[in-house]
Number of protein chains: 2
Amino acid sequence: MSDFRYNCLYFTTNRLSRIITKMADEAFAPTGFSPMYGYLLLLIIEDPGSAQKKLAEQLDIAPSTLTRFIEKLEQRGLVHRTTHGKTVLVYPTDAGRALENEIHMASKRLHQMYERILGKTASDLLSRELVNSSDQLEGK
Amino acid sequence: MSDFRYNCLYFTTNRLSRIITKMADEAFAPTGFSPMYGYLLLLIIEDPGSAQKKLAEQLDIAPSTLTRFIEKLEQRGLVHRTTHGKTVLVYPTDAGRALENEIHMASKRLHQMYERILGKTASDLLSRELVNSSDQLEGK
DNA sequence: TATGTTTAGTTGTACATACAAATGTTTTTT
DNA sequence: AAAAAACATTTGTATGTACAACTAAACATA
């Protein structure tokens, strides 16, 4: 009857999402911020001067959500913004750059956590399938 | 460099989750509540008198989250609770039962939306893989 | 039987996230 | 050049979700 728990993507995806988010929070706890902020900071470090629009697209989140994230990173002195007309460019500060390695280590911890259980090959495969489905659903 | 967008389960899972949640919100919009409430109500209709603990386990959400959901369903007059010692049993009201069919239709709409894009076989397979991985990660 | 421990549920609080409306800026059209 | 359309960002507000702390009930054990 209630087979939606096994065959409805809404349910199955959100379930995994909750589980992985919890693991990620743990893995990123020592950095002092949550995974999404860590990855966002990485993106900004890799490509300083990105427009917010681009960052939001890369992370696949709503622009308003990105504004909130950048605000917090700025409050902590990890990035700064410069406005050019209607676009806003984001740069890492030295304090931000100094965290790069720590974030990479947190990311590695996360990978180890789930790869130890799922196996590396299966994890990679699953990730690829998820990207694939997401791309299709977004018409990309 | 920023390959986390493709190979980090935290990221890939959450991305799909956001996409599917958006579709589900659309599909469930005519019912007047969001997908999670719909599915919860189905569960309660199928097995009247469930304890909240059981429902939370079935939906794989935190007990506190479930309390909030049940509260809202109760406010709308779709379920009611009876306390027996420390456990709380949840029953659908007639108004709740009356919605069963509408929820099923919403669920069907959702399935059609994504199956039209991903294909039925691929969708089912993906769902099964997600359940599988979730079970493994939770040691089930 | 009394006291300690586990269990079920609730409440306070916090965070990620989204949408819709508002603001300010550039581009296009007339 | 003026008016209109498109665009990037921000702000207000709402929702799903969780954790930690709490309450109250049940169970266990001494």
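Residue numbers begin at 1 in each chain, while the letters A, B, ... track the order of the sequences. Values below: all heavy atoms of this structure, side chains included; hydrogens, waters and symmetry mates excluded.
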*Should A:E57 and A:K53 count as an ion pair when the cut-off is N to O under 4.0 Å?*
yes
Every protein N/O within reach of nucleotides 11-15 of chain C N/O, cut-off under 3.5 Å:
{"from": "C:dT11", "atom 1": "OP2", "to": "B:E71", "atom 2": "OE2", "distance (Å)": "3.4"}
{"from": "C:dG12", "atom 1": "N7", "to": "B:R68", "atom 2": "NH2", "distance (Å)": "3.0"}
{"from": "C:dG12", "atom 1": "O6", "to": "B:R68", "atom 2": "NH2", "distance (Å)": "3.4"}
{"from": "C:dT13", "atom 1": "O4", "to": "B:R68", "atom 2": "NH1", "distance (Å)": "2.9"}

*Can you tell me how far the OG atom of A:S134 sits from the CG atom of A:L130, to the nearest 0.5 Å?*
6.5 Å
*Atom CD1 of A:I61 and atom P of D:dT15: how far apart are they, to the nearest Å?*
21 Å
*Roughly how many Å is it from NZ in B:K53 to C1' in D:dA26, rounded to a whole number?*
14 Å
*Report the nucleotide, chosen from C:dG9, D:dT9, D:dA18, that has the shortest atom-to-atom distance to any side-chain atom of A:A51.*
D:dT9
*Which pairs count as ring pair (Phe, Tyr, Trp, His ring centres under 6.0 Å) when at least one residue sits in residues 41-77 of chain B, sequence neighbours excluded?*
B:Y37-B:F69
*Counting heavy atoms from C-beta on, name the nucleotide in D:dT10, C:dC19, D:dA18 closest to the side chain of A:A62.*
C:dC19
*Looking at A:Y39 versus A:F28, is the centre-to-centre ring distance below 6.0 Å?*
yes
_So which atom in B:G32 and which in B:R76 form the shortest heavy-atom distance, rounded to 0.1 Å?_
O-NH1, 3.1 Å
_Rounded distance in Å - CZ (B:F69) to P (C:dT10)_ = 14 Å
_A:R18 CZ - C:dA16 C1' separation (whole Å)_ = 14 Å
*How many angstroms lie between CE in B:M36 and CG in B:D25, if you round to the nearest 0.5 Å?*
12.5 Å
*Counting heavy atoms from C-beta on, name the nucleotide in C:dA18, D:dT9, D:dA18 closest to the side chain of A:T65.*
C:dA18
*Which heavy-atom pair separates B:L89 from B:G49 by the least distance, and what is that distance?*
CD2-O, 3.6 Å
*Please round to the nearest 0.5 Å and tell me the distance separating atom CZ of A:R109 and atom CD of A:E26.*
10.5 Å
*Could you tell me whether A:R128 and A:D124 have a side-chain N and a carboxylate O separated by less than 4.0 Å?*
no
*To the nearest 0.5 Å, tell me how far A:L43 CG sits from A:K54 NZ.*
8.0 Å
*List in numerical order all residues of residues 20-33 of chain B for which some heavy atom is under 4.0 Å away from an atom belonging to DNA chain D.*
none
*Measure the distance from NZ on B:K54 to C1' on C:dT7 and round it to the nearest whole Å.*
18 Å
_Plane angle bin for A:Y91 and A:H80 - parallel if under 30°, tilted between 30 and 60°, otherwise perpendicular_ = parallel
_Reading DNA chain C from 5' onward, which residue's closest nucleotide shows up sooner: A:D60 or A:G85?_
A:D60
*Would you kindly give the CG-to-P distance between A:N14 and C:dT17, to the nearest whole Å?*
12 Å
*Determine to 10° how strongly the helix from C:dT1-D:dA30 to C:dT30-D:dA1 is bent, judged from the axes of its five-pair ends.*
10°
Pull out every protein N or O sitting under 3.5 Å from an N or O of nucleotides 3-6 of chain C, one pair per line with the distance.
none

_Please compare A:L89 and A:Y10 by the position of their nearest nucleotide in DNA chain D and report the one closer to 5'._
A:L89
_Quick test of your reading: applying side-chain hydrogen bond (donor to acceptor under 3.5 Å, both in side chains), list the pairs with at least one residue in residues 9-19 of chain A, sequence neighbours left out, ordered by first then second residue._
A:T12-B:S127, A:N14-B:S17, A:N14-B:T21, A:R15-B:D60, A:R15-B:D135, A:R15-B:E138, A:S17-B:N14
*In whole angstroms, how far is the C1' atom of C:dT7 from the NE2 atom of B:H84?*
18 Å
*Compare every heavy atom of A:L9 with every heavy atom of B:S123, then report the nearest pair and how far apart it is.*
O-CD2, 4.3 Å
*What's the CG-C1' distance between B:L66 and D:dG16, to the nearest Å?*
13 Å
_Membership question, hydrophobic clusters at under 4.5 Å side-chain separation (ILVMFWY): are B:L73 and B:V88 in the same one?_
no
